[in-house]
Asks: 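Got a structure for you, written out below as structure tokens; questions coming shortly.
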Amino acid sequence: MESIKLFLTGTDRLRDMLCSTADGGRKLSRGVRELVAEQYAGKAEVDVVFEPSVGAASLRQAIEDGSSQLSESAANLVVTSVDAEFAAGDGASADAYESDMLAVIRSIKANPGSHVIVLLASTIDPETIVSNYQREESDPTSLRVHRYDLAAMRLSFEEGISVLDVDRIIAEMGAADHVPAFLEYSEGACQAIANELVRIMDDYAFFDDRPLLPQVGREDA
């Protein structure tokens with residue numbers, strides 16, 4: 001049976017979206033590990049490792065100075081989230097995020113067989129409704145999320161990584177019932193996000209007896 005090391009790095013919100021309460025999450029009884037055990041029994045099992053980080057800049061620094069577990073050992077799948085950029089005040093600019101994440105991705109993918117998935121963030125902020133952006137003294141949170149999400153999409157194109165479109169999932173489910181506060185998602189939304197991650201893993205052939213689909217960037221192609 002295949003053992004898959006799933007390395008999550010970000011804030012507690014990322015753990016809530018993907019991990020059961022048994023694995024440190026606060027919302028799900030069936031996280032990614034349990035979903036794989038149910039759907040692919042006898043084929044694969046998931047070992048979940050969570051490492052806190054507050055954005056791409058801190059993750060890049062931790063990898064480079066050796067304080068991250070990613071500096072010492074490879075993981076089959078590393079998952080980060082755009083929402084971590086909002087964990088430390090105003091966070092970095094989208095351009096700085098893209099530059100830092102590029103370094104992180106290339107460091108992770110230097111280990112053969114390692115894959116990267118970035119969770120995008122929902123642009124819905126229930127407390128901020130903007131009708132005229134020209135009058136805003138600072139960028140609304142929804143616009144900043146758009147910029148981070150777009151940066152992650154560009155990295156997907158350039159480096160071949162996958163993105164998990166949380167905004168699409170929330171839109172399909174209905175934000176009124178599933179986004180009680182900015183970057184906070186309901187139990188149902190978190191379950192849908194965990195389900196989607198397992199689907200992406202299946203697309204890569206993590207659960208099949210065949211070679212994994214490689215993450216090939218534009219330059220590699």
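Heavy-atom basis, side chains included; hydrogens, waters and symmetry copies ignored.
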Asks: Considering only heavy atoms from C-beta outward, does the side chain of Val48 approach that of Leu8 to under 4.5 Å?
Replies: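 Contact flag for Val48/Leu8 side chains = yes.
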
Asks: So, do Asn195 and Gln191 sit near enough that their side-chain heavy atoms are less than 4.5 Å apart?
Replies: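 With C-beta onward as the side chain, the pair touches.
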
Asks: Taking only residues two or more places apart in sequence or in another chain, which ones pass salt bridge (charged side-chain N to carboxylate O under 4.0 Å, His left out) with Asp203?
Replies: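 Scan of Asp203 (salt bridge (charged side-chain N to carboxylate O under 4.0 Å, His left out), adjacent residues dropped) gives Arg199.
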
Asks: Is Val36 linked to Leu212 within one hydrophobic cluster, defined over Ile, Leu, Val, Met, Phe, Trp and Tyr using a side-chain heavy-atom separation of less than 4.5 Å?
Replies: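 Same cluster: Val36 reaches Leu212 through Ile, Leu, Val, Met, Phe, Trp or Tyr contacts under 4.5 Å.
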
Asks: Strictly below 4.0 Å, N to O, side chains only: are Glu158 and Arg218 in salt-bridge contact?
Replies: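 Yes, this pair counts.
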
Asks: So, using side-chain hydrogen bond (donor to acceptor under 3.5 Å, both in side chains) as the criterion, who are the partners of Glu51 when residues are at least two apart?
Replies: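 Once residues adjacent in sequence are excluded, the partners of Glu51 under the side-chain hydrogen bond (donor to acceptor under 3.5 Å, both in side chains) criterion are Ser68.
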
Asks: Can you tell if the side chain of Ser20 reaches within under 4.5 Å of the side chain of Ser29, non-hydrogen atoms only?
Replies: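 A side-chain contact is absent here, since even the closest heavy-atom pair is not under 4.5 Å.
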
Asks: Restricting to side-chain hydrogen bond (donor to acceptor under 3.5 Å, both in side chains), what partner residues turn up for Asn111, sequence neighbours left out?
Replies: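 Applying side-chain hydrogen bond (donor to acceptor under 3.5 Å, both in side chains) to Asn111 gives none.
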
Asks: What are the two closest non-hydrogen atoms of Ala75 and Ser114, and how far apart are they?
Replies: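 What the structure gives for the nearest pair is O-OG, 2.8 Å.
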
Asks: The test is side chain to side chain contact (heavy atoms under 4.5 Å, CB included); show your working for Leu197 and Ile117 and say whether it passes.
Replies: CA-CA 9 Å; Leu197 180 62; Ile117 296 178; 3.5 Å; yes

Asks: Considering only residues two or more places apart or on different chains, which pairs with a residue in residues 34-46 satisfy salt bridge (charged side-chain N to carboxylate O under 4.0 Å, His left out)?
Replies: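 Listed by first then second residue: Arg30-Glu38.
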
Asks: What I want to check is whether the side chains of Asp167 and Thr123 have a donor and an acceptor closer together than 3.5 Å.
Replies: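 Distance-only check passes for Asp167 and Thr123.
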
Asks: How would you list all residue pairs meeting salt bridge (charged side-chain N to carboxylate O under 4.0 Å, His left out) that involve residues 1-10, not counting sequence neighbours?
Replies: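 The answer is none; no pair qualifies.
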
Asks: State whether the side chain of Asp149 and the backbone N or O of Ala121 hold a donor-acceptor pair below 3.5 Å, judged by distance alone.
Replies: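 Side chain of Asp149 to backbone of Ala121, a donor-acceptor pair under 3.5 Å: yes, one is there.
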
Asks: After noting the C-alpha distance and the side-chain angles of Gln61 and Val104, does the key distance pass the side chain to side chain contact (heavy atoms under 4.5 Å, CB included) rule?
Replies: CA-CA 9 Å; Gln61 183 63 43; Val104 168; over 6 Å; no

Asks: Which donor-acceptor pairs under 3.5 Å do the side chains of residues 169-181 make with protein atoms, sequence neighbours left out?
Replies:
from: Glu172; atom 1: OE1; to: Arg168; atom 2: NH1; distance (Å): 3.2
from: Glu172; atom 1: OE2; to: Arg168; atom 2: NH1; distance (Å): 3.1
from: His178; atom 1: ND1; to: Ser186; atom 2: OG; distance (Å): 2.5

Asks: Applying ring pair (Phe, Tyr, Trp, His ring centres under 6.0 Å), which residue pairs with at least one partner in residues 50-77 are found, sequence neighbours left out?
Replies: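 Every pair satisfying ring pair (Phe, Tyr, Trp, His ring centres under 6.0 Å) with a residue in residues 50-77: there are none.
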
Asks: Any side-chain heavy-atom pair from Thr80 and Leu119 closer than 4.5 angstrom?
Replies: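 A side-chain contact under 4.5 Å is absent here.
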
Asks: Please tell me whether Phe86 and Tyr148 form a close aromatic pair, meaning their ring centres lie under 6.0 Å apart.
Replies: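 Yes.
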
Asks: Going by the rule side chain to side chain contact (heavy atoms under 4.5 Å, CB included), which residues pair with Leu150 if we only count those two or more places apart in sequence or in a different chain?
Replies: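 Side chain to side chain contact (heavy atoms under 4.5 Å, CB included) list for Leu150, sorted by chain: Arg154.
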
Asks: Among residues two or more places apart or on two chains, list those pairs meeting salt bridge (charged side-chain N to carboxylate O under 4.0 Å, His left out) that have a residue in residues 52-65.
Replies: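 Found Arg60-Glu64, Arg60-Asp100.
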
Asks: Please list, chain by chain and in numerical order, all residues satisfying salt bridge (charged side-chain N to carboxylate O under 4.0 Å, His left out) with Asp16, sequence neighbours excluded.
Replies: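 Listed in chain order: Arg26.
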
Asks: Please step through side-chain hydrogen bond (donor to acceptor under 3.5 Å, both in side chains) for the pair Asp125 and Ser142, ending with a clear verdict.
Replies: CA-CA 6 Å; Asp125 183 354; Ser142 59; over 6 Å; no

Asks: Grouping I, L, V, M, F, W and Y whenever their side-chain heavy atoms are under 4.5 Å apart, do Ile193 and Leu28 come out in a common cluster?
Replies: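 In one cluster: no.
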
Asks: Name all residues meeting the salt bridge (charged side-chain N to carboxylate O under 4.0 Å, His left out) criterion together with Asp12; count only those two or more places apart in sequence or in a different chain, and write none if there are none.
Replies: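 Result, salt bridge (charged side-chain N to carboxylate O under 4.0 Å, His left out) vs Asp12: Arg15.
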
Asks: Residues in salt bridge (charged side-chain N to carboxylate O under 4.0 Å, His left out) with Asp23, at least two apart?
Replies: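 Checked Asp23 against salt bridge (charged side-chain N to carboxylate O under 4.0 Å, His left out); matches are Arg33.
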
